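Let me begin by presenting the structure, written as structure tokens, before commenting on it.
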Protein chains: 2
Amino acid sequence: MSITIKDVAKKAGVSISTVSRVINGSKPVSNEIRQKVLKVIEETGYMPNPVARSLVMKKSQLIGVVVPDLSNVFIGEILNGIEEIGKMYDYDILLCNTYGQLEQELRYLNLLKAKQVEGIIFMTWNLQEKLVEYLEKIEVPVALINRNTSKLHTPSVSIDNFKAAYEMTEFLIKNGHKRIALIRSSMDQNAFGLDQYNGYKKALDDHGLEIHEELIRYGNWKMENSYQIVKDFIDENILPTAIFAASDEMAIGAINCLLDNGYKVPEDVSVVGFNDIKLASIYRPKLTTIHQPIYDIGAVAMRMIIKKINGEEVDSNVVTLPHELIVRESSKCIE
Amino acid sequence: MSITIKDVAKKAGVSISTVSRVINGSKPVSNEIRQKVLKVIEETGYMPNPVARSLVMKKSQLIGVVVPDLSNVFIGEILNGIEEIGKMYDYDILLCNTYGQLEQELRYLNLLKAKQVEGIIFMTWNLQEKLVEYLEKIEVPVALINRNTSKLHTPSVSIDNFKAAYEMTEFLIKNGHKRIALIRSSMDQNAFGLDQYNGYKKALDDHGLEIHEELIRYGNWKMENSYQIVKDFIDENILPTAIFAASDEMAIGAINCLLDNGYKVPEDVSVVGFNDIKLASIYRPKLTTIHQPIYDIGAVAMRMIIKKINGEEVDSNVVTLPHELIVRESSKCIE
DNA sequence: GTGAAAGCGCTAACAA
DNA sequence: TTGTTAGCGCTTTCAC
């Protein structure tokens with residue numbers, strides 16, 4: 001089998017404790033012996049067994065990462081950030097995909113705890129009550145992605161979704177739009193996207209614009225879905241002059257539907273998105289959207305977790321990263 | 001701390017082996033005692049410590065998954081497949097992102113072994129010689145993604161890239177194209193994409209068409225890159241009537257460049273892709289491309305690994321999944 | 001500065 | 001059928 005600390009000790013003619021000491025630098029070892037041990041390690045290619053180490057130290061160098069979808073580029077980019085920072089600190093990622101299903105989320109949270117992960121980065125579309133409770137009393141450090149609800153006791157990192165949505169809506173208003181549709185996420189109270197919804201409403205309010213309930217629709221972050229929603233607008237004959245989709249994918253679904261039905265974007269309808277995934281500037285017309293530092297969100301979350309693990313003070317439980325309104329081709333000023 | 005098997009044993013008034021037996025069903029236990037133990041487990045919420053279990057069994061219920069990029073939708077979808085099947089069999093995923101760098105790949109392979117993973121699913125852009133060697137003598141089961149080179153001893157799952165590329169090229173030829181550019185992957189001998197290249201060449205050959213070396217370019221799977229390549233075609237005044245990109249992303253980059261420079265697709269130039277990622281049918285013009293069962297590739301690889309772990313016979317070392325040529329809007333017949 | 005020994009939580013002979 | 005015991009490979013007291 002694999003070579004163990006015992007083998008190294010024997011070959012070097014020392015005790016296993018000594019070997020352990022030179023590996024971990026946990027206690028002084030005379031230079032002579034250290035060299036001898038190091039040489040044997042070199043020769044044998046010995047690598048300490050992390051599982052054994054985990055068992056005794058109750059540490060695993062593992063971070064559990066829970067996401068609702070792996071084929072979502074937004075999430076993928078966040079994962080890139082997480083992984084990159086993890087690598088820097090020698091943390092590995094235990095990946096869990098839940099498709100946003102509560103049952104899976106709970107199951108995985110349990111499993112991760114059992115696997116002795118040292119921290120958990122958690123992402124979901126819909127942060128249900130049950131989850132919140134669970135997360136608040138879990139023993140390992142947790143970081144939430146894309147939730148800036150300070151009501152939660154659980155730390156999180158995201159942009160200011162409320163403000164961003166407010167800005168975008170205001171931008172549309174200042175461009176002369178009065179009937180502005182919103183394609184947001186699920187209806188659930190705790191759904192990701194609630195902040196966007198509130199920002200949207202506040203902006204309309206502040207500018208004395210009426211809120212047309214029939215123009216607020218619930219999507220599921222999928223293009224097909226927003227496509228259908230816009231189709232409904234058309235069929236119901238209530239197509240607005242602007243559509244604000246809570247994600248770039250949904251914006252693109254909306255645009256495609258418009259194009260397929262003979263409408264021009266942005267000439268007939270302005271469509272704006274959210275996130276600024278790579279596709280946003282590649283799709284034609286290029287999307288007007290809210291830019292988020294996606295990679296950084298992942299990176300910051302990981303840094304936060306690692307700090308917590310090391311018992312370092314974390315400045316704030318809710319990290320809010322900057323966003324930016326990017327005006328491209330999918331929106332226009334109307335008279 | 002957490003509750004252990006000892007606690008359960010004490011509470012139930014039995015030995016730890018008995019508890020172990022009821023957990024694992026490894027040996028018969030009288031019904032009476034089983035119930036008692038089960039009850040204690042229920043009450044205490046006891047969960048066996050997988051780390052300890054790993055240590056003694058030298059099994060971890062962990063599969064290492066090595067990928068070159070997480071924000072790539074093609075890879076994301078494969079991951080979905082891998083994860084889904086893993087979940088079914090209670091395997092978890094240790095995720096490693098290498099950005100295709102050999103150094104990282106080697107490092108992770110080592111690390112995964114140390115972490116006692118039971119299998120490894122490996123994906124890279126460029127399967128370098130050193131990697132091949134390493135993979136052939138690694139002790140744990142390995143499955144390669146998207147390599148159908150039977151020269152390798154390492155099992156793999158993919159479509160028949162050669163055949164697919166051949167079909168696509170032939171399709172273009174039959175559509176009247178004579179000057180067909182290929183945007184393939186890196187120049188490296190072992191690069192993913194070599195099969196496509198060969199299929200392309202063979203098709204031209206078989207149809208008596210000359211191979212224009214200047215029309216064969218090396219991309220890096222990124223849109224920006226193929227964009228530039230097409231720009232070069234334009235600047236060098238050698239724009240062909242058809243462009244075959246080895247990935248949908250690269251096809252889209254190519255189209256964007258064409259559009260930006262006043263060319264129409266497919267009227268002026270036909271552009272076809274490879275993979276049929278979701279975007280392919282969402283982007284306008286919709287892409288003519290080769291459909292791959294992406295999710296299935298991941299799922300099959302995972303199944304394969306699990307079979308190997310269980311010592312089951314695996315039918316074939318090289319699993320080739322079906323592909324399909326999908327004709328959409330980005331290509332047309334020329335006279 | 002070094003080694004012996006205990007123990008992390010679990011499984012699996014081996015006895016009974 | 002059940003319990004006792006010896007490890008899995010490692011870290012860490014505690015003596016020396």
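Computed over heavy atoms, backbone and side chain alike; hydrogens, waters and symmetry mates excluded. Lettering follows sequence order; numbering is per chain, from 1. The structure presented is a predicted model; accordingly, all values stated were derived computationally and were not measured.
Within 4.0 Å of B:Val14, counting heavy atoms only, lie sugar-phosphate atoms of the nucleic acid but no base atom.
Heavy-atom neighbours of A:Lys6 NZ from other residues, nucleotides or ligands within 6.0 Å: at or below the threshold of 12.
In terms of the side-chain hydrogen bond (donor to acceptor under 3.5 Å, both in side chains) criterion, residue partners of A:Glu83 (sequence neighbours excluded) are, by chain and number, A:Lys87, B:Tyr108. With sequence neighbours left out, B:Asn310 forms a side-chain hydrogen bond (donor to acceptor under 3.5 Å, both in side chains) with no residue at all. With sequence neighbours excluded, no residue forms a side-chain hydrogen bond (donor to acceptor under 3.5 Å, both in side chains) with A:Tyr46. The side-chain hydrogen bond (donor to acceptor under 3.5 Å, both in side chains) check on A:Thr98 picks up nothing, with sequence neighbours excluded. For B:Lys27, there are no salt bridge (Lys or Arg N to Asp or Glu O under 4.0 Å) partners at least two apart in sequence or on another chain.
Phosphate contact (OP1/OP2 of D:dG3, side-chain N/O of B:Thr18, threshold under 4.0 Å): present. A sub-4.0 Å separation between OP1 or OP2 of C:dT2 and a side-chain N or O of A:Ser30 is present.
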What string of B, S and - do you get for nucleotides 11-16 of chain D, 5' to 3', when a contact is any protein heavy atom under 4.0 Å? BBB---
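Five base pairs at each end of the helix from C:dG1-D:dC16 to C:dA16-D:dT1 define two local axes, and these are offset by 50° (rounded to 10°).
Within the structure, every pair that satisfies the salt bridge (charged side-chain N to carboxylate O under 4.0 Å, His left out) test and touches residues 28-50 of chain A, not counting sequence neighbours, is listed here: A:Lys39-A:Glu43. Among residues at least two apart or in separate chains, side-chain hydrogen bond (donor to acceptor under 3.5 Å, both in side chains) pairs with a member in residues 8-18 of chain B are B:Ser15-B:Ser17, B:Ser15-B:Thr18.
The CG atom of B:Asp7 sits 13 Å away from the C1' atom of C:dC8 (whole-angstrom rounding). The nearest whole Å value for the distance from the CD1 atom in A:Ile3 to the C1' atom in D:dG9 is 13 Å. Rounded to a whole Å, the CG atom of A:Leu55 is 8 Å from the C1' atom of C:dC10. Nucleotide C:dT11 holds its P atom 13 Å from the NZ atom of B:Lys59, rounded to whole Å. For A:Asn31 and C:dT2, the CG to C1' distance is 15 Å, given to the nearest whole Å. Taking atom CG of A:Asn49 as the reference point, atom P of D:dC8 lies 12 Å away to the nearest angstrom. One atom, NZ of B:Lys6, and another, P of D:dT5, lie 13 Å apart when rounded to the nearest Å. Spacing between atom CD of B:Gln35 and atom P of D:dT1 amounts to 15 Å, rounded to whole angstrom units.
In this structure, of D:dC8, C:dC8, C:dC10, it is C:dC10 that holds the atom nearest to the side chain of B:Thr4. With C:dT2, C:dG9, D:dT1 as the choices, the nucleotide that has an atom nearest any side-chain atom of B:Pro28 turns out to be D:dT1.
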Start with the C-alpha distance between A:Asp90 and B:Arg107, add both sets of side-chain angles, then the distance that settles salt bridge (Lys or Arg N to Asp or Glu O under 4.0 Å), and finish with yes or no. CA-CA 11 Å; A:Asp90 266 323; B:Arg107 170 178 173 277; 3.3 Å; yes
